[in-house]
Amino acid sequence: MGNEKKMVEEITGMEVDFAKWYTDVVKKAELADYSSVRGCMIIRPYGTALWENIRNDLDGRFKATGHENVMMPLFIPESLLQKEKDHVEGFAPEVAWVTHGGEEKLTERLCVRPTSETLFCDHYANIIQSYRDLPKLYNQWCSVVRWEKTTRPFLRTMEFFWQEGHTMHETAEEAMEETRRMLEVYASFCEESLAIPVVKGLKTDKEKFAGAENTYTIEALMHDGKALQSGTSHYFGDGFSRAFDIQFTGRDNTLQYPYQTSWGLSSRIIGAIIMTHGDDNGLVLPPAVAPVQVVIVPIAPHKEGVMEKAAALQERLRAFCRVKLDATDNSAGWKFAEHEMKGVPLRLEIGPKDIEKNQCVLVRRDNREKAFVNLDDLQTQIPVLLQAVHDGLYQKALQRRENMTYAATDLETLVETAQNKPGFIKAMWCGEQTCEDQLKEQAGVTSRCMPFEQETLSGTCVCCGKPATSMVVWGKAY
RNA sequence: CGGGGUGUGGCGAAGUUUGGUAUCGCGCUUGGUUCGGGACCAAGAGGCCUCGGGUUCGAAUCCCGACACUCCGACCA
């Protein structure tokens, strides 16, 4: 109990080399593996199961807010991509092009979707005629491709998995509400299901999505003090509607352009889970999405009755949690380390001595606390402990973020903080991009967002000293 | 895309400076003893030394090129 010895020698210490620690965890926990396609990864069964749980949870939240799933094509004709100017400028440098079908050269190139705004708009133009057709609340689960220069498993890969919601509304107000609503869905998902605290806010013009009027974001702080944008929600106004000629007849019998939103959350969130909760023994998974919530490790399984008892427990536990029985012939110690590496929230040990006393040992992954629990109480105790792990993870992450959040009211302090103290820096800003550029130049930080929860640290911009318009959270980002 | 680093059985490395036919640990297979924090003994299997050229009697080793991974920047979910 409370043994601080590092038991998994294969994983590089977090303090030693954070980047290496990260990839070690990805590989040793069997989440993903490299493929022979540059910049693309193979998401292994364990990683896929994790993504499926994330997906099912989020999908339920989308359905509950009235959204429907659709499936759009993988390809976008060049002409379609070209329709919205800012959008194409933003994405053109990183799209993959299909130029041939078999041996034949195509008359028009097709791009592999980097995002699907254009496809949705093209379709919406055909199916929206009247205000009665609105709102359209569509979502799709798919993968997209962006020709990235440098890649890292989950955090940045050339192909990644995500969901993209695309909605059309009768009024700007309605669309703006939708944008905010979906950001809240992401934020609650992160906090309730992933135990990741997030800062909700608005992106500056410099950081917003190509073609959007407003981009909202949730920003999480990783173990190493770098920020990870964990979900975004965009308000498009009627920009795309005009570019794609999407019009409907309004209640007053005039032709109008609908207002649009889009929002996305990607498999990158798995990187956030790793870097928020993980430790030197490997992955630590939030119970709500863990593929295995409880792993049963039989002790001395060759002894009479142990395996039978363990198997019977597995059957019982199936009714209320995701449970796995480790029946391999590895030693008990091996199994402990193995499942810790894979982040299983609870371990259940059952051996001859326990069976005699009708009990078992439950060990939490987050703090290694052990508890002897009567076998008759498992149905109530396991959910309690899973919840305790969740709360423990959330509190620890929140505490760390607070400890790593600083404030600066003058440039010198900001630069000094950025250079010496990894984390978020709160500072006032005048709203000018030149100041953003200068902070990037001098302190190496970018604006993560203008949080909804504003504070007044001072009256003037941290950079230029002119009157400030808002408080911005700055940081180094993934 | 700029600057560094790396590439040797499944994994981690030694060997490269000084060219001579590949070594170690872990894992894997089989048998046996073990099992409450990565057990032990014995016997085995497994290598186009990232790829392509070149130099040489001979290349993991020297030269040229490509690719991949990785770190630091710039760019992006």
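Residue numbers start from 1 in every chain, and the chains themselves are labelled A, B, ... in the order their sequence lines are given, proteins ahead of strands.
- Taking CZ of Arg61(A) as the reference point, atom CG of Leu265(A) lies at 11.0 Å (rounded to 0.5 Å).
- Although no hydrogens or angles enter the test, the distance criterion places a donor-acceptor pair under 3.5 Å between the side chain of Glu191(A) and the main chain of Val198(A).
- Taking 4.0 Å as the cut-off between side-chain N and carboxylate O, Lys342(A) and Glu30(A) count as a salt-bridged pair.
- Each of Val361(A) and Thr150(A) lies near RNA chain B, and the nucleotide nearest Thr150(A) is the one positioned closer to the 5' end.
- Side-chain rings of Phe452(A) and Tyr216(A) approach one another, their centers coming within less than 6.0 Å.
- For a distance-only test at 3.5 Å, the side chain of Asn330(A) fails to qualify as a donor-acceptor partner of the base of G38(B).
- When the side-chain nitrogen and oxygen atoms of Lys28(A) are compared with OP1 and OP2 of C11(B), none of them lie within a distance under 4.0 Å.
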Protein-to-nucleotide contact annotation, 5' to 3' order, nucleotides 39-47 of chain B [B base; S sugar-phosphate only; - none; under 4.0 Å, heavy atom]: S--------

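- Close placement of the Tyr124(A) and Tyr138(A) rings is indicated, their centers lying within 6.0 Å of each other.
- Here the nucleotide nearest the side chain of Thr151(A), chosen from C75(B), U70(B), G36(B), is U70(B).
- Separating the P atom of G15(B) from that of C24(B) is a span of 15 Å, rounded to the nearest Å.
- Only the C1' atoms considered, C69(B) is 15 Å distant from C11(B), to the nearest whole Å.
- When the C1' atom is used for both C75(B) and C1(B), the distance is 9 Å, rounded to whole Å.
- Nearest-nucleotide assignment on RNA chain B puts the 5′-proximal partner with Phe372(A), out of Cys40(A) and Phe372(A).
- OP1 and OP2 of G37(B) both lie 4.0 Å or more from every side-chain N or O belonging to Arg368(A).
- When the C1' atom is used for both U21(B) and G12(B), the distance is 25 Å, rounded to whole Å.
- Geometric assessment of Arg448(A) against the ring of Trp429(A) yields a negative cation-pi assignment under the 6.0 Å and 45° thresholds.
- Taking atom C1' in both G44(B) and A60(B), one finds a spacing of 27 Å when rounded to whole Å.
- Checked against the 6.0 Å centroid threshold, Phe336(A) and Trp334(A) do not count as a close aromatic pair.
- The same atom, P, is picked in G36(B) and in A45(B); the two are 32 Å apart, to the nearest Å.
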